[in-house]
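Numbering of ligands and ligand atoms starts at 1, following listing order. On a predicted model such as this, the values are computed, not experimentally measured, just so you know.
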Amino acid sequence: MPASGFVSLIGAGPGDPGLLTLRGAEALASADVVVYDYLANPALLAHSPSDAEHIYVGKKAGYHTLSQEEINALLVQRGLAGQRVARLKGGDPFVFGRGGEEALALVEAGVPLEVVPGITSAVAAPAYAGIPVTHRGLASSFAVITGHEDPNKEETALDWSRLATGVDTLVFLMGVGNLPQIVEQLVAHGRPADTPVALVRWGTMPDQQTVTGTLANITERVEAAGLRPPAVTVIGAVAELRKDLHWFEDRPLFGQRVLVTRTRQQASALSTRLRALGAEAIELPTIEIAPPEQWAP
Ligand code: SAH
């Protein structure tokens, strides 16, 4: 195996391209190939060299994508071929991202790797909706739980009775589809029906959307709002704090998409300013500054 083969498992953060770590940006900047998924913001590809190969591997439902085994094999194959691979995964690679499986496949194949943690949506999406997952006097603990599992199936890996009452703030990822069952289990296992709940869709992004309620009415409200995945579900007294702490959706350009047509060199200053005002800045340089073919005599 050539010595240079190396895979970085990089947390892309929750969506806002400013929430990538400096280490993640460095690893992208030295990549020969970037392997990225649905929840990793494609704007981050701009950190990679202009001749780097970009491979989209999913996993949005309904689109052709690679299976987890195929992704593992792809990373191993590129690593063994001596390439520097940036494997960009939404949020943190080790929080429900199957990053552990990718790391194990690389270790088994003898491919050197590093893990660059990322900001998980489990904390960032609530934060952008004005919800701290812990708060003095309201929540001294939080748990991040998969909502992908149908809680009514016979063999559940989750201990509902302990989760319902043993942890102050519950954050469910991948839980939109199973929301009615999650609510039902929590209430059945002793969580009061008036417990505040918030669902945050596309947290940290310009199209962030939040629906709030209580365990008693959240299912109805989410249905009425037509809220679709991806969203995090925050359950606990802290969800009430949003009333006072909402900040992101209040920015003047929140929800706006702005195309920045300046040269690549000039674009980032304008994009940074636009993002600070709440807009999504999409860089599409249509201008290039170059010396004339011939200087005037
Ligand atoms: N590793 C990721 C989670 C992967 S599981 C992380 O640390 O964030 C995929 C789930 O993450 C989605 O179903 C959704 O529940 C959540 N998610 C990821 N990005 C999100 C975002 N920007 N807003 C809301 N939920 C998000």
Side-chain angles (χ1 to χ4, degrees), residues 8-21 23-24 35-44 57-63 65-66 68 71 86-103 115-131 133 142-151 157-158 169-183 197-212 218 222 225-235 239 242 246 248-249 254-255 257 275 278 280:
S8 300
L9 288 179
I10 307 167
D16 177 342
L19 296 176
L20 175 74
T21 63
R23 180 71 204 107
V35 179
Y36 66 106
D37 31 76
Y38 166 57
L39 288 168
N41 192 331
L44 297 177
V57 294
K59 322 169 173 176
K60 188 177 175 179
Y63 283 70
T65 50
L66 302 189
Q68 188 60 51
I71 295 170
R87 169 66 174 121
L88 198 53
K89 299 173 73 67
D92 180 274
F94 281 179
V95 177
F96 296 127
R98 303 188 70 173
E101 291 166 56
E102 294 176 14
V115 181
V116 183
I119 298 181
T120 178
S121 65
V123 174
Y128 270 56
I131 302 170
V133 291
F142 71 97
V144 181
I145 307 158
T146 174
H148 195 56
E149 231 189 57
D150 179 351
L158 299 172
T169 306
L170 303 174
V171 182
F172 284 89
L173 302 189
M174 306 172 284
V176 178
N178 281 329
L179 186 65
Q181 292 84 343
I182 291 168
V183 165
V197 183
L199 273 86
V200 187
R201 177 174 199 253
W202 281 128
T204 81
M205 295 296 283
D207 36 6
Q208 173 173 309
Q209 185 189 357
T210 305
V211 176
T212 57
I218 194 69
V222 162
L227 192 95
R228 309 279 314 135
V232 306
T233 305
V234 195
I235 302 171
R242 169 177 163 79
H246 58 88
F248 180 57
E249 298 108 327
F254 176 75
R257 277 204 171 87
R275 285 179 188 134
E280 179 177 16

K.L.:
Going by the order shown, which atoms of ligand 1 are within less than 4.0 Å of some heavy atom of Val200?
P.N.:
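Near Val200, meaning under 4.0 Å from one of its heavy atoms, ligand 1 has 24 (C).
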K.L.:
Are Thr21 and Val116 side-chain neighbours, meaning at least one heavy-atom pair lies under 4.5 Å?
P.N.:
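Side-chain contact under 4.5 Å: yes.
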K.L.:
Flag Met205 as yes when one of its N or O atoms lies below 3.5 Å from any N or O atom of ligand 1, and as no otherwise.
P.N.:
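N/O-N/O distance under 3.5 Å: no.
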K.L.:
Among all the protein's non-hydrogen atoms, which is closest to atom 25 (N) of ligand 1, and how far away is it?
P.N.:
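In this structure, atom 25 (N) of ligand 1 has Val232 CG1, 3.4 Å as its nearest protein heavy atom.
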K.L.:
One thing to verify: whether Arg201 and Asp207 come together as a salt bridge, which I'm taking to mean a side-chain N less than 4.0 angstrom from a carboxylate O.
P.N.:
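Here Asp207 does not pair with Arg201 in a salt bridge, since their nearest N and O are not under 4.0 Å apart.
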K.L.:
Got an N/O contact under 3.5 Å between Asp92 and ligand 1?
P.N.:
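It does: an N or O of Asp92 is found under 3.5 Å from an N or O of ligand 1.
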K.L.:
Nearest non-hydrogen contact with atom 14 (C) of ligand 1 belongs to which option: Pro14, Ala231, Gly177, Ser121?
P.N.:
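Heavy atom nearest to atom 14 (C) of ligand 1 belongs to Ala231.
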K.L.:
Are the side chains of Leu9 and Phe94 in contact, using a 4.5 Å heavy-atom criterion?
P.N.:
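Yes, close enough: below the 4.5 Å cut-off.
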K.L.:
Out of all atoms in ligand 1, which are within 4.0 Å of some heavy atom of Thr120? Include the element for each.
P.N.:
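Checking each atom against Thr120, I get 6 (C), 7 (O), 8 (O).
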K.L.:
Taking C-beta and beyond as the side chain, do Val35 and Lys89 meet within less than 4.5 Å on heavy atoms?
P.N.:
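No; the side chains remain at least 4.5 Å from each other.
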K.L.:
Please check whether Pro93 reaches ligand 1 - meaning an N/O of the residue sits under 3.5 Å from an N/O of the ligand, judged on distance alone.
P.N.:
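No.
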K.L.:
When you measure from the heavy atoms of Gly90 to every atom of ligand 1, does any distance fall below 4.0 Å?
P.N.:
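Yes, Gly90 has a heavy atom closer than 4.0 Å to ligand 1.
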K.L.:
I need the atoms of ligand 1 closer than 4.0 Å to a non-hydrogen atom of Leu173, numbered in the order shown.
P.N.:
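With Leu173 as reference, the close atoms of ligand 1 come out as 3 (C), 15 (O).
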K.L.:
State, without any angle test, whether Glu249 and Gln209 hold a side-chain donor-acceptor pair at a distance under 3.5 Å.
P.N.:
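No, no side-chain donor-acceptor contact under 3.5 Å.
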K.L.:
Have a look at Phe96, Phe172, Tyr128, Trp202 and point out the one with the heavy atom closest to atom 5 (S) of ligand 1.
P.N.:
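Ranked by closest heavy atom to atom 5 (S) of ligand 1, first place is Phe96.
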K.L.:
Answer yes or no: does an N/O atom from Gly203 fall short of 3.5 Å to an N/O atom of ligand 1?
P.N.:
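For ligand 1, there is an N or O atom that lies under 3.5 Å from one belonging to Gly203.
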K.L.:
Would Pro230 count as a contact residue for ligand 1, given that I'm defining contact as a non-hydrogen atom of the residue lying under 4.0 Å from a ligand atom?
P.N.:
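Right, Pro230 reaches ligand 1.
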K.L.:
If you have a sec, work out which protein heavy atom is nearest atom 1 (N) of ligand 1 and how many Å separate them, to one decimal?
P.N.:
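Result for atom 1 (N) of ligand 1: Val95 O, 2.6 Å.
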